[in-house]
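Reminder, nothing fancy here: chain letters follow the sequence lines and each chain counts from 1.
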Number of protein chains: 2
Amino acid sequence: MLREANKKKTKELIMKNAIQLFKQKGYQNVTVAEITTACGIAKGTFFNYFQKKEHILLYLADSYMELLHKIVQRNQVGTMKEQVLHIFRELFSIYFKQIDILHPAFEETIKSAIRSNGASGNISKLREAICYVLEQGMEKKAFRSKWKVAECADVIVGIFLNVLICTPLEEEKLMKKLAQQLEMVWGGFIHESTKEIS
Amino acid sequence: MLREANKKKTKELIMKNAIQLFKQKGYQNVTVAEITTACGIAKGTFFNYFQKKEHILLYLADSYMELLHKIVQRNQVGTMKEQVLHIFRELFSIYFKQIDILHPAFEETIKSAIRSNGASGNISKLREAICYVLEQGMEKKAFRSKWKVAECADVIVGIFLNVLICTPLEEEKLMKKLAQQLEMVWGGFIHESTKEIS
DNA sequence: GTCAAATAATGACTTAGGTCATTTTGGTGG
DNA sequence: CCACCAAAATGACCTAAGTCATTATTTGAC
């Protein structure tokens with residue numbers, strides 16, 4: 001099937017040139033026409049491969065999220081907290097290497113999550129990865145909780161989103177915040193001696 | 001100052017007509033030209049008041065967030081958890097009344113938070129409101145925690161964001177999820193009998 | 001009231017994303 | 001090798017956001 005091969009080649013060609021241009025000029029300053037010219041194809045062809053200009057970012061983010069499986073598999077030592085943190089650390093190290101591209105990609109990822117209500121896309125992949133890690137932990141008796149793993153994963157994803165959305169993008173700061181907030185939810189807010197009053 | 005008054009009137013005129021059109025046809029299907037025609041002004045005038053079409057959504061979300069102060073003040077009974085939940089319930093009841101408008105507005109709110117790294121905008125207002133509530137609680141000894149209130153507020157905002165981003169938009173489901181996740185972070189993930197192993 | 005400076009309104013114009021009818025190309029059967 | 005069909009490429013075209021030089025309005029000073 002020559003056709004299939006060509007399609008794959010063209011898609012990769014578009015991705016390659018697009019990423020290069022995004023790195024040079026920033027996502028917002030690159031037009032679809034520029035990308036296609038760089039590829040030596042017609043503008044319309046771009047839209048045979050990506051419905052919207054932004055979809056190229058989702059596709060990119062997707063390809064990085066594929067790495068999650070490897071990250072999760074490779075990393076099965078330490079406490080649950082450490083394992084979760086490790087996943088985030090690995091994600092960030094990818095993120096920060098290409099921050100000029102992945103920052104707009106993050107925006108698109110969230111937009112897409114909102115539109116699908118988190119039912120699909122990268123954020124749900126992240127949630128699933130965390131679920132998997134926690135489940136492994138429960139099986140190995142390294143983690144026990146009165147809550148379902150899916151519910152714990154939800155809270156952890158929330159922490160991740162909030163930190164990414166609301167923290168200046170410096171790797172160390174992000175990791176510190178994440179580590180602390182994980183610590184907080186692991187042990188809970190309430191100080192032992194507290195008595196809630198009505 | 002006639003000039004000031006006119007500006008205010010024009011801005012309100014634009015908002016009023018824009019909201020009405022958004023309700024009728026949905027944000028995406030309303031053009032700036034339509035809005036200005038409805039207002040009886042020139043298209044260019046719109047951009048004297050809002051830098052981009054989307055900014056009208058931010059302004060709208062902003063005006064709703066102003067209500068936070070009232071909500072927080074009016075509601076100083078119950079446990080901290082209940083008070084926080086109450087804030088969310090009030091926000092949602094506003095949100096759901098105008099969901100077709102506020103959904104795109106929420107997207108813009110997040111985008112803007114990402115760009116300012118959470119330093120300004122509606123999400124930081126929400127965080128501050130929660131901080132305020134928790135601080136009140138600490139003063140009244142209704143809430144004690146080994147964590148700083150700002151850190152607790154961060155986690156709570158994370159829960160809020162994740163739930164709004166990733167849950168199908170039904171008021172009851174959202175509130176249930178929020179209530180549960182607040183419960184979780186209040187008490188912590190870990191079951192007493194758990195021992196973390198290395 | 002008149003004039004000049006500051007501010008606001010205007011709409012023709014530019015730009016870029018996205019569409020689609022048409023053309024070209026790859027694949028298949030005779 | 002040709003004929004034919006399905007799928008992919010094409011680029012003229014359309015639409016809508018956003019710009020900006022020009023025009024109109026408000027204001028304050030005299």
Side-chain angles (χ1 to χ4, degrees), chain A residues 1-61 101 104-105 107-109 111-112 115, chain B residues 1-60 100-101 104-105 107-109 111-112 115:
Chain A
M1 223 77 173
L2 177 57
R3 209 170 250 167
E4 292 269 320
N6 279 347
K7 267 186 91 168
K8 206 176 159 193
K9 259 186 203 161
T10 306
K11 193 159 190 176
E12 274 164 13
L13 182 68
I14 294 174
M15 283 297 297
K16 206 190 78 190
N17 283 285
I19 290 176
Q20 198 178 338
L21 285 165
F22 292 163
K23 278 187 186 171
Q24 279 169 32
K25 315 174 63 179
Y27 172 73
Q28 290 289 354
N29 306 314
V30 176
T31 67
V32 172
E34 272 182 285
I35 296 171
T36 51
T37 302
C39 295
I41 60 179
K43 190 173 132 194
T45 304
F46 178 93
F47 294 98
N48 293 337
Y49 290 88
F50 302 95
Q51 290 179 20
K52 313 223 156 215
K53 186 191 170 192
E54 317 137 26
H55 282 33
I56 204 168
L57 291 174
L58 285 178
Y59 183 79
L60 181 72
I101 304 170
E107 278 184 27
E108 287 310 316
T109 299
K111 215 195 277 181
S112 137
R115 300 205 171 150
Chain B
M1 220 73 175
L2 175 57
R3 207 168 252 167
E4 293 268 321
N6 281 345
K7 270 186 90 170
K8 206 177 159 192
K9 258 186 205 162
T10 306
K11 194 161 189 175
E12 273 164 14
L13 181 69
I14 293 174
M15 283 297 297
K16 203 191 81 188
N17 283 284
I19 290 176
Q20 198 179 336
L21 284 166
F22 292 163
K23 278 188 187 172
Q24 277 169 34
K25 314 175 60 178
Y27 173 72
Q28 290 290 354
N29 305 315
V30 176
T31 67
V32 172
E34 273 182 285
I35 297 171
T36 51
T37 302
C39 295
I41 60 178
K43 190 174 135 195
T45 305
F46 178 94
F47 294 98
N48 291 339
Y49 291 87
F50 301 96
Q51 290 177 21
K52 315 223 156 215
K53 185 191 169 192
E54 317 136 25
H55 282 33
I56 204 168
L57 292 175
L58 285 179
Y59 183 78
L60 180 73
D100 296 328
I101 304 170
E107 279 185 26
E108 287 311 315
T109 298
K111 214 194 276 181
S112 139
R115 300 208 170 146

Does B:Glu4 have more than 12 heavy atoms from other residues, nucleotides or ligands lying within 6.0 Å of its CD? no

When you check the phosphate oxygens OP1 and OP2 of D:dA8, does a side-chain N or O of A:Lys7 lie under 4.0 Å from one of them? yes

Can you tell me the distance, in whole Å, between the CD1 atom of A:Ile35 and the C1' atom of C:dG18? 14 Å

Any base atoms under 4.0 Å from B:Thr45, or only sugar-phosphate, or nothing? Heavy atoms, all strands. base

May I have the distance from B:Phe46 (atom CZ) to D:dC20 (atom P), rounded to whole angstrom? 18 Å

So, OP1 or OP2 of C:dG17: does either fall under 4.0 Å of a side-chain N or O from A:Lys52? no

Minimum-distance pair of heavy atoms, taken over all atoms of A:Val30 and A:Lys25: CG2-CB, 4.0 Å

Pi-cation contact, A:Phe46 with A:Lys53 (under 6.0 Å, within 45°): no

So, is A:Tyr49 close to the D:dA8 phosphate, meaning a side-chain N or O under 4.0 Å from OP1 or OP2? no

Would you mind checking if B:Lys111 and B:Glu108 are paired as a salt bridge, meaning a charged N to carboxylate O distance below 4.0 Å? yes

Whole-Å gap separating C1' (C:dG17) and NE2 (A:His55): 13 Å

Tell me: CG of A:Asn6 to P of D:dA7, nearest whole Å? 15 Å

If you measure from CD on A:Gln20 to CD1 on A:Ile101, what distance do you get to the nearest 0.5 Å? 10.0 Å

Nearest whole Å is fine: how far is C:dA6 C1' from B:Asn48 CG? 14 Å

Can you check nucleotides 1-3 of chain D for protein contacts, nitrogen or oxygen pairs under 3.5 Å, and list what you find?
none

With a 3.5 Å cut-off and just heavy-atom distances, do the side chain of B:Arg3 and the base of D:dT26 make a donor-acceptor pair? yes

To the nearest angstrom, the NZ-P distance between A:Lys25 and C:dA16 comes to 9 Å

Rounded to the nearest 0.5 Å, how far does CG of B:Leu13 lie from CD1 of B:Ile35? 11.0 Å

Give the nucleotide from the list D:dA16, C:dG17, C:dG11 with an atom nearest to the side chain of A:Phe47. C:dG17

Using whole Å, report how far NZ of B:Lys43 lies from C1' of D:dT22. 17 Å

What verdict does the side chain to side chain contact (heavy atoms under 4.5 Å, CB included) test give for A:His55 and A:Phe47, after you've listed the backbone C-alpha separation in whole Å, the side-chain angles of each residue and the deciding distance to 0.1 Å? CA-CA 10 Å; A:His55 282 33; A:Phe47 294 98; over 6 Å; no

Interatomic distance, A:Asn29 CG vs C:dA16 P [rounded to whole Å]: 10 Å

May I ask you to say what B:Lys53 touches in the nucleic acid, namely base, sugar-phosphate or nothing, with a heavy-atom cut-off under 4.0 Å? sugar-phosphate

